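Since the model is a prediction, treat every value here as computed from it, not as a measurement.
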Amino acid sequence: MASEPVARAVAEEVGRWGSMKQTGVTLRYMMEFGSRPTQRNLLLSAQFLHKELPIRFARRALELDSLPFGLSNKPAILKVRDWYLDSFRDIRYFPEVRSRNDELAFTQMINMVKVRHNNVVPTMALGVQQLKKELGRSRKVPFEFDEIDEFLDRFYMSRIGIRMLIGQHVALHDPKPEPGVIGLINTRLSPIQVAQAACEDARSVCLREYGSAPDINIYGDPNFTFPYVTLHLHLMLFELVKNSLRAVQERYMNSDKDVPPVRIIVADGEEDVTIKVSDEGGGIPRSGLPRIFTYLYSTAKNPPELDRPNTEGVTMAGYGFGLPISRLYARYFGGDLQIISMEGYGTDAYLHLSRLGDSEEPLP
Ligand code: ADP
Ligand code: MG
């Protein structure tokens, strides 16, 4: 346990760093900088992170301490807050990075920080779920949760940025990168290929859950490529395709009609690459549309227990995070996600990815 004065000193330091200005980067900058991963550049990158990451961790730690409705005092939220404080401390008090050896030690340390935060999403969700249950019991009128949803948007957006910065720096140390790959960025990413991989993953989850899975047809130029982060695109498509498969599956499960395939269309525009995931799963009622981008909203019948670890991402549906988090990933690099529904017929999800790569990280 830290003594009182030490704890106070750290709290002051968090307050000071938490009010400093964050510095955003762009996809293009990360790509250009990372294309020359020389010793000197890795050192510069580490020095930038040494200054930038404590600011980002401190801001989130401060916000986690001042949430409405007593959310800050939920054990799960306190746990997350402590991870942010620990990471702030680890980086803030790491000695100045001057030599190659310093740089390697720093890189190892921030990689460990990234691992510490692996379970932030389900842990936060657990805290919010507890609060929702309590408030739902104590109030007769449906509770407005906007404030919490806005906070979670800021919080998860910041997390995407922190993980991108650390992940990119660590990945630049790969001694033998694949051709065209710069850290986490694939400069020649084929959306068709990523779509195929995401569909395979989503179909296997569907098969496991229902015993069968609708077909998926993918349309677009297989030779078309553009620079993007494979991990991010895979995650977004995986979530969208799971939603479509579930809707179609549940609609046709007990019928003898032909099951209409899910269709994915890739369009390469000048400004945007747009990927449409289109299904005939019956759509979403217009009254439900405003809620689909809120956290924990799900129409899944058996929502998984959030306090059971290691189920994140491998369930078909039920957390209600798929859409809001996918939209944050799209927006992180200047894109967006829109859902258009025809109730009684089906849903189209439009995933817009900005091609120019010039949009700066949104920094909540
Ligand atoms: P989850 O899939 O865990 O429920 P999501 O954020 O992915 O959470 O989706 C939220 C809700 O939006 C779903 O529970 C479902 O009711 C609705 N939804 C999303 N995509 C579709 C779709 N393609 N067809 C019908 N309903 C959908
Ligand atoms: Mg989903």
Side-chain angles (χ1 to χ4, degrees), residues 25-46 48-49 100 103-115 117-118 159-204 216 218-241 264 266-269 272-275 313-314 325-326 329-330 332-335 351-359 361:
V25 292
T26 64
L27 183 65
R28 174 169 299 174
Y29 178 80
M30 279 189 250
M31 215 157 60
E32 279 168 9
F33 184 88
S35 64
R36 293 163 272 111
T38 55
Q39 297 280 323
R40 194 185 117 77
N41 273 353
L42 290 176
L43 197 66
L44 285 174
S45 166
F48 166 71
L49 295 179
R100 172 169 162 74
E103 195 278 314
L104 290 176
F106 179 82
T107 302
Q108 214 175 10
M109 183 272 293
I110 57 173
N111 198 28
M112 184 214 75
V113 163
K114 184 161 175 266
V115 172
H117 290 255
N118 276 352
R159 180 172 185 271
I160 292 172
I162 290 172
R163 293 179 84 75
M164 182 67 206
L165 292 187
I166 297 180
Q168 180 69 6
H169 180 81
V170 171
L172 286 179
H173 289 74
D174 184 351
K176 270 199 230 114
E178 304 261 320
V181 170
I182 301 174
L184 299 179
I185 303 161
N186 184 352
T187 60
R188 302 201 285 268
L189 178 145
S190 153
I192 299 271
Q193 257 174 36
V194 178
Q196 279 164 345
C199 287
E200 221 171 279
D201 290 355
R203 281 192 87 246
S204 75
I216 305 174
I218 304 177
Y219 305 88
D221 177 0
N223 296 315
F224 165 68
T225 65
F226 77 118
Y228 208 75
V229 177
T230 312
L231 229 73
H232 291 190
L233 183 57
H234 186 103
L235 184 143
M236 295 183 277
L237 288 175
F238 177 64
E239 291 299 334
L240 294 176
V241 172
I264 299 182
V266 177
D268 43 326
D272 280 351
V273 174
T274 301
I275 305 176
V314 291
I325 296 233
S326 297
Y329 273 99
Y332 177 70
F333 283 126
L351 181 60
H352 303 283
L353 309 169
S354 169
R355 258 191 103 136
L356 309 171
D358 282 333
S359 121
E361 296 175 275

How far does [atom1] of [X] sit from [atom2] of [Y], to the nearest 0.5 angstrom?
{"X": "Leu237", "Y": "Gln196", "atom1": "CG", "atom2": "CD", "value": "11.5 Å"}
{"X": "Asn186", "Y": "Phe226", "atom1": "CG", "atom2": "CZ", "value": "9.5 Å"}
{"X": "Met30", "Y": "Met164", "atom1": "CE", "atom2": "CE", "value": "4.5 Å"}
{"X": "Ser354", "Y": "Tyr228", "atom1": "OG", "atom2": "OH", "value": "8.5 Å"}
{"X": "Asn41", "Y": "Phe33", "atom1": "CG", "atom2": "CZ", "value": "4.0 Å"}
{"X": "Phe333", "Y": "Ile185", "atom1": "CZ", "atom2": "CD1", "value": "6.0 Å"}

For atom CD1 of Ile218, decide whether the heavy atoms of other residues, nucleotides or ligands shown that lie under 6.0 angstrom number more than 12.
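Enclosed: over 12 neighbouring heavy atoms sit under 6.0 Å from CD1 of Ile218.
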Please check if atom OH in Tyr29 has more than 12 non-hydrogen atoms from other residues, nucleotides or ligands closer than 6.0 Å.
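For Tyr29, atom OH is not crowded (no more than 12 foreign heavy atoms under 6.0 Å).
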Side-chain touch [X]/[Y], heavy atoms, less than 4.5 angstrom:
{"X": "Met236", "Y": "Ile275", "answer": "no"}
{"X": "His234", "Y": "Asp201", "answer": "yes"}
{"X": "Ile182", "Y": "Leu172", "answer": "yes"}
{"X": "Thr230", "Y": "Val194", "answer": "yes"}
{"X": "Thr225", "Y": "Leu189", "answer": "no"}
{"X": "Thr26", "Y": "Met31", "answer": "no"}
{"X": "Leu351", "Y": "Leu233", "answer": "yes"}
{"X": "Arg188", "Y": "Pro179", "answer": "yes"}

May I have the step-by-step check of side chain to side chain donor-acceptor pair (under 3.5 Å) for Gln108 and His173, ending in yes or no?
CA-CA 11 Å; Gln108 214 175 10; His173 289 74; over 6 Å; no
Side-chain donor/acceptor of [X] to backbone N/O of [Y], under 3.5 Å:
{"X": "Thr107", "Y": "Glu103", "answer": "yes"}
{"X": "Arg203", "Y": "Ile216", "answer": "no"}
{"X": "Asp272", "Y": "His352", "answer": "no"}

Shortest non-hydrogen contact from [X] to [Y]?
{"X": "Val241", "Y": "Cys199", "result": "CG2-SG, 4.1 Å"}
{"X": "Phe224", "Y": "Pro191", "result": "O-CD, 3.5 Å"}
{"X": "His169", "Y": "Ser45", "result": "ND1-OG, 2.7 Å"}
{"X": "Pro222", "Y": "Ser190", "result": "O-OG, 3.8 Å"}

Evaluate the criterion side chain to side chain contact (heavy atoms under 4.5 Å, CB included) for residue pair Ile110 and Leu165; output intermediate values, then yes/no.
CA-CA 10 Å; Ile110 57 173; Leu165 292 187; over 6 Å; no
Take Glu361 and Ile160 through the side chain to side chain contact (heavy atoms under 4.5 Å, CB included) test and state the conclusion after the steps.
CA-CA 10 Å; Glu361 296 175 275; Ile160 292 172; over 6 Å; no
Would Val113 and Ile162 count as a side chain to side chain contact (heavy atoms under 4.5 Å, CB included) here? Give the steps.
CA-CA 10 Å; Val113 163; Ile162 290 172; over 6 Å; no
Kindly determine whether Ser204 and Glu200 satisfy side chain to side chain donor-acceptor pair (under 3.5 Å), including the steps that lead there.
CA-CA 6 Å; Ser204 75; Glu200 221 171 279; over 6 Å; no
Applying side chain to side chain contact (heavy atoms under 4.5 Å, CB included), run through Asn118 and Arg163 and close with a yes or a no.
CA-CA 10 Å; Asn118 276 352; Arg163 293 179 84 75; 2.7 Å; yes
